Protein chains: 4
Amino acid sequence: MSPRTEEQFASMREKSKELLMDTALQLFSKKGFHSTSISQITNEAGVAKGILYHYFKSKEELLVAIIQKGTNELQSLFLEAFKAENPREQLEQMIRVTVKAMKEQKLYWQLFSSLITQMHDNKIIEDILKPLTQQSIILMEGLFSKLGKKNPKMEAIAIAALFDGIGLHYLFVMDDYPIDEITEFIIEKILGNQSDTK
Amino acid sequence: MSPRTEEQFASMREKSKELLMDTALQLFSKKGFHSTSISQITNEAGVAKGILYHYFKSKEELLVAIIQKGTNELQSLFLEAFKAENPREQLEQMIRVTVKAMKEQKLYWQLFSSLITQMHDNKIIEDILKPLTQQSIILMEGLFSKLGKKNPKMEAIAIAALFDGIGLHYLFVMDDYPIDEITEFIIEKILGNQSDTK
Amino acid sequence: MSPRTEEQFASMREKSKELLMDTALQLFSKKGFHSTSISQITNEAGVAKGILYHYFKSKEELLVAIIQKGTNELQSLFLEAFKAENPREQLEQMIRVTVKAMKEQKLYWQLFSSLITQMHDNKIIEDILKPLTQQSIILMEGLFSKLGKKNPKMEAIAIAALFDGIGLHYLFVMDDYPIDEITEFIIEKILGNQSDTK
Amino acid sequence: MSPRTEEQFASMREKSKELLMDTALQLFSKKGFHSTSISQITNEAGVAKGILYHYFKSKEELLVAIIQKGTNELQSLFLEAFKAENPREQLEQMIRVTVKAMKEQKLYWQLFSSLITQMHDNKIIEDILKPLTQQSIILMEGLFSKLGKKNPKMEAIAIAALFDGIGLHYLFVMDDYPIDEITEFIIEKILGNQSDTK
DNA sequence: AATGAATGAGCCTTCATTCAT
DNA sequence: AATGAATGAAGGCTCATTCAT
């Protein structure tokens with residue numbers, strides 16, 4: 001019963017905050033941002049309603065915090081891709097990591113997809129979410145360029161679209177989406193046969 | 001003095017209904033279904049709030065009516081694709097028509113995308129919107145099969161994902177998306193070179 | 001196709017008016033005044049909504065018209081009671097006619113009961129409906145007086161309450177109310193045995 | 001500074017809930033359920049509109065809560081009647097308690113009367129309110145039987161009707177209803193003279 | 001930090017009434 | 001007289017946010 005140390009407080013604080021963010025992520029991605037109420041989040045998390053406002057200024061700031069956490073987690077996943085030794089493998093890794101992210105971070109991916117299609121013109125989406133795609137296109141363009149592709153930009157744009165489309169179908173449209181099969185199919189098609197480079 | 005005829009009433013009804021559906025489509029696709037209020041729709045349309053409920057039982061039925069109109073319009077566009085003479089051209093037409101639809105029916109496409117990512121478990125989405133993708137995959141699978149592709153199903157699933165991804169990027173992510181360039185690039189890639197057929 | 005005569009118009013007019021009043025009576029007594037909408041009435045009657053306002057200034061005036069028609073019909077029923085030759089038979093007739101009215105004019109009786117318990121302080125109820133009870137008490141008091149009862153006023157008040165209570169139970173509370181049996185029981189009790197007069 | 005205790009919250013809740021129920025009872029019984037709006041209730045109670053929905057899921061649930069409170073209060077009143085020693089006195093007490101209830105719980109009695117005449121087919125009315133009358137008839141039938149009446153069931157039905165009628169006239173029809181006088185008159189009539197027992 | 005009662009703006013919807021034809 | 005589209009006030013209800021303790 002000794003007074004708690006600063007760190008303990010900080011850790012409790014961090015724990016409640018995380019709990020709320022996790023709960024909100026689940027609800028937001030399952031039911032949508034607008035259809036999830038603060039009460040639902042705090043009920044589900046087992047805390048009082050008011051406490052949410054100790055950690056987040058508003059429902060929207062909670063969303064922003066979740067988005068930021070999500071992008072961080074996704075980006076750290078993507079760092080793995082660049083441990084690969086050559087452009088071909090880096091590209092393969094980017095694809096594999098993307099698919100891994102869809103499978104392991106379903107909730108974030110679902111949330112982000114719904115936000116992008118619903119909250120155009122929203123500053124946060126504009127500043128955080130949309131650049132993610134742009135960045136990966138630029139990265140891939142560089143890799144395709146190194147691989148000697150004729151039109152690396154189009155290659156990159158196409159692959160980006162392809163995997164965002166796969167994510168859409170996997171997460172929202174088809175129940176038994178053959179995500180692994182399609183991934184291998186595409187990797188083989190793009191990277192398996194080097195003969196179409198010039 | 002004499003009462004209006006049946007047809008006069010019918011045309012008034014049709015006009016008002018269209019006006020409301022068009023206005024709602026714009027707002028739904030721009031701001032999202034949940035963030036659009038009935039008042040906004042009727043204000044924008046320049047009519048009294050109550051009139052909406054003469055034409056639609058509820059906000060959700062209004063949405064359904066819009067979805068149905070949208071799918072009809074899209075499907076009649078797709079019929080064009082099958083005037084083509086051979087599988088190769090049919091496939092090309094399917095792609096071109098898809099892109100044409102994205103460009104000419106932006107609002108419907110945006111709305112449908114946002115609904116799919118937001119309203120999982122909703123019956124209408126489940127019954128009307130999701131099957132659209134399934135159908136086009138089956139159609140394309142048949143065509144790829146006729147073209148002698150080794151794995152027509154994967155080809156179809158990939159193309160479907162690719163173009164839904166393109167739609168996503170074109171409509172929501174990038175402001176100057178090179179939609180025509182990417183379309184030609186892909187058509188050339190898939191159909192220009194027949195050498196990979198068996 | 002000769003132009004309709006004035007009378008024909010008047011009769012059509014009267015017919016539509018009656019139709020609306022009958023339909024409204026049914027709905028008001030079944031679902032209550034507040035829970036019945038103008039649309040329901042005109043739909044049920046098979047006429048256009050606007051037409052109701054040709055005949056009645058407002059929903060409330062429609063109600064008043066129905067009330068007046070109802071009280072007229074009930075009062076003409078009660079005139080029968082006074083064809084009886086002596087006070088004893090007149091009283092018996094009053095009771096029998098009351099019960100007959102409950103059975104044959106269920107709808108009016110139901111409507112009136114609900115209005116009395118719901119629209120206190122409403123002028124129409126105050127002026128038309130409440131006096132009905134008062135009048136019959138005065139009438140019965142006179143008859144009991146002629147019969148030589150010690151306290152004719154209390155006798156009258158009691159009988160009035162008794163039969164309004166019977167109406168309540170018959171129309172609203174019990175499904176197989178033994179209305180005829182209880183009526184005979186009471187008539188026998190009050191009038192069968194003259195020995196308790198003094 | 002420290003958060004309120006469980007009990008403090010409970011007492012706040014109880015107080016607010018009672019306030020709302022009391023206010024609603026007054027308005028419902030004066031103006032009727034349908035003619036009373038939530039705003040009126042909360043205005044009258046001096047609280048914000050939204051708070052009502054912390055305590056009651058809907059306007060109808062508020063009504064149910066009031067009905068249940070009312071029936072409880074009425075039934076506890078009726079328990080008094082059975083402290084009497086013999087059937088004759090128990091009957092007298094039942095009558096006196098009924099009249100006492102009408103006078104002291106005017107609002108509940110008015111509300112119940114209006115609900116019975118207005119909300120046929122409503123489950124709550126059907127399950128809670130209608131049985132009240134049935135029960136008291138059965139009770140009285142037993143007592144009349146013990147008193148040796150020839151037709152105890154009819155006696156009971158008649159007394160039940162009589163006092164519901166008296167309630168109707170007292171509460172809704174006549175301004176200076178001689179409720180005490182009529183009560184004594186009836187008690188004397190039914191119970192004062194034992195000579196008609198067998 | 002924690003609680004949950006309280007607020008009030010705003011939502012979807014209904015409906016009596018009006019009106020042009 | 002007849003039609004039904006249009007109006008707009010008001011109703012029930014939800015919910016992000018605040019606040020006293």
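Convention: sequence-line order gives letters A, B, ...; per-chain numbering from 1. It should be emphasised that the depicted structure is a prediction, and the values quoted were computed from it without experimental measurement.
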Select one nucleotide: of [options], the one nearest the side-chain heavy atoms of [X].
X: B:A48; options: E:dT17, F:dG12, F:dG8; result: F:dG8
X: A:K49; options: F:dG4, E:dG4, F:dG11; result: E:dG4
X: C:I38; options: F:dA10, E:dA16, F:dA5; result: E:dA16
X: A:H54; options: F:dG4, E:dA1, F:dG12; result: E:dA1
X: B:V47; options: F:dT7, E:dT17, F:dC13; result: F:dT7
X: C:Y53; options: F:dA2, E:dT18, E:dC11; result: E:dT18
X: B:Q8; options: F:dA16, F:dG4, E:dT21; result: E:dT21
X: D:K59; options: F:dC15, E:dA2, F:dG12; result: F:dG12
X: B:F9; options: F:dA5, E:dT3, F:dA2; result: F:dA5

Using a cut-off of 4.0 Å on non-hydrogen atoms, how would the nucleic acid contact of C:T36 be classed: base, sugar-phosphate, or nothing?
-> sugar-phosphate
Which part of the nucleic acid does D:Y55 contact within heavy-atom distance under 4.0 Å: base, sugar-phosphate only, or nothing?
-> sugar-phosphate
Nearest-Å distance for atom pair [atom1]/[atom2], residues [X] and [N]:
X: B:Q40; N: E:dT13; atom1: CD; atom2: P; result: 15 Å
X: D:K17; N: E:dA6; atom1: NZ; atom2: P; result: 12 Å
X: A:F56; N: E:dA1; atom1: CZ; atom2: C1'; result: 15 Å
X: C:L52; N: F:dT3; atom1: CG; atom2: P; result: 12 Å
X: D:E14; N: E:dA5; atom1: CD; atom2: C1'; result: 14 Å
X: A:H34; N: F:dT14; atom1: NE2; atom2: C1'; result: 15 Å
X: B:I41; N: E:dC11; atom1: CD1; atom2: P; result: 11 Å

Does D:K59 use its side chain to pair, donor to acceptor, with the backbone of D:F33 at less than 3.5 Å?
-> yes
Mind telling me whether C:H34 and D:H34 have parallel, tilted or perpendicular rings, with 30° and 60° as the class edges?
-> tilted
With the side chain counted from C-beta on, respond yes when C:Y55 and C:E61 share a heavy-atom pair under 4.5 Å apart, and no when they do not.
-> no
If you take all heavy atoms of A:L52 and A:L20, which pair is closest and at what distance?
-> CA-CD1, 4.0 Å
Considering residues, nucleotides and ligands other than D:E44, do more than 12 of their heavy atoms fall under 6.0 Å from its CD?
-> no
Evaluate whether atom NZ of D:K30 has more than 12 neighbouring non-hydrogen atoms of other residues, nucleotides or ligands under 6.0 angstrom away.
-> no
Taking for B:G50 and for A:G50 the nucleotide of DNA chain F with the nearest heavy atom, the one nearer the 5' end belongs to B:G50
Is D:S16 near enough to E:dA5 that one of its side-chain N or O atoms lies under 4.0 angstrom from OP1 or OP2?
-> no
Think D:R13 has a side-chain N or O under 4.0 angstrom from the OP1 or OP2 of E:dA5?
-> yes
Could you please name the partner base of F:dA1, counting Watson-Crick and G-U wobble pairs only when both distances are under 3.5 Å?
-> none
Nucleotide paired to F:dT17 in any strand shown, Watson-Crick or G-U, under 3.5 Å | E:dA6
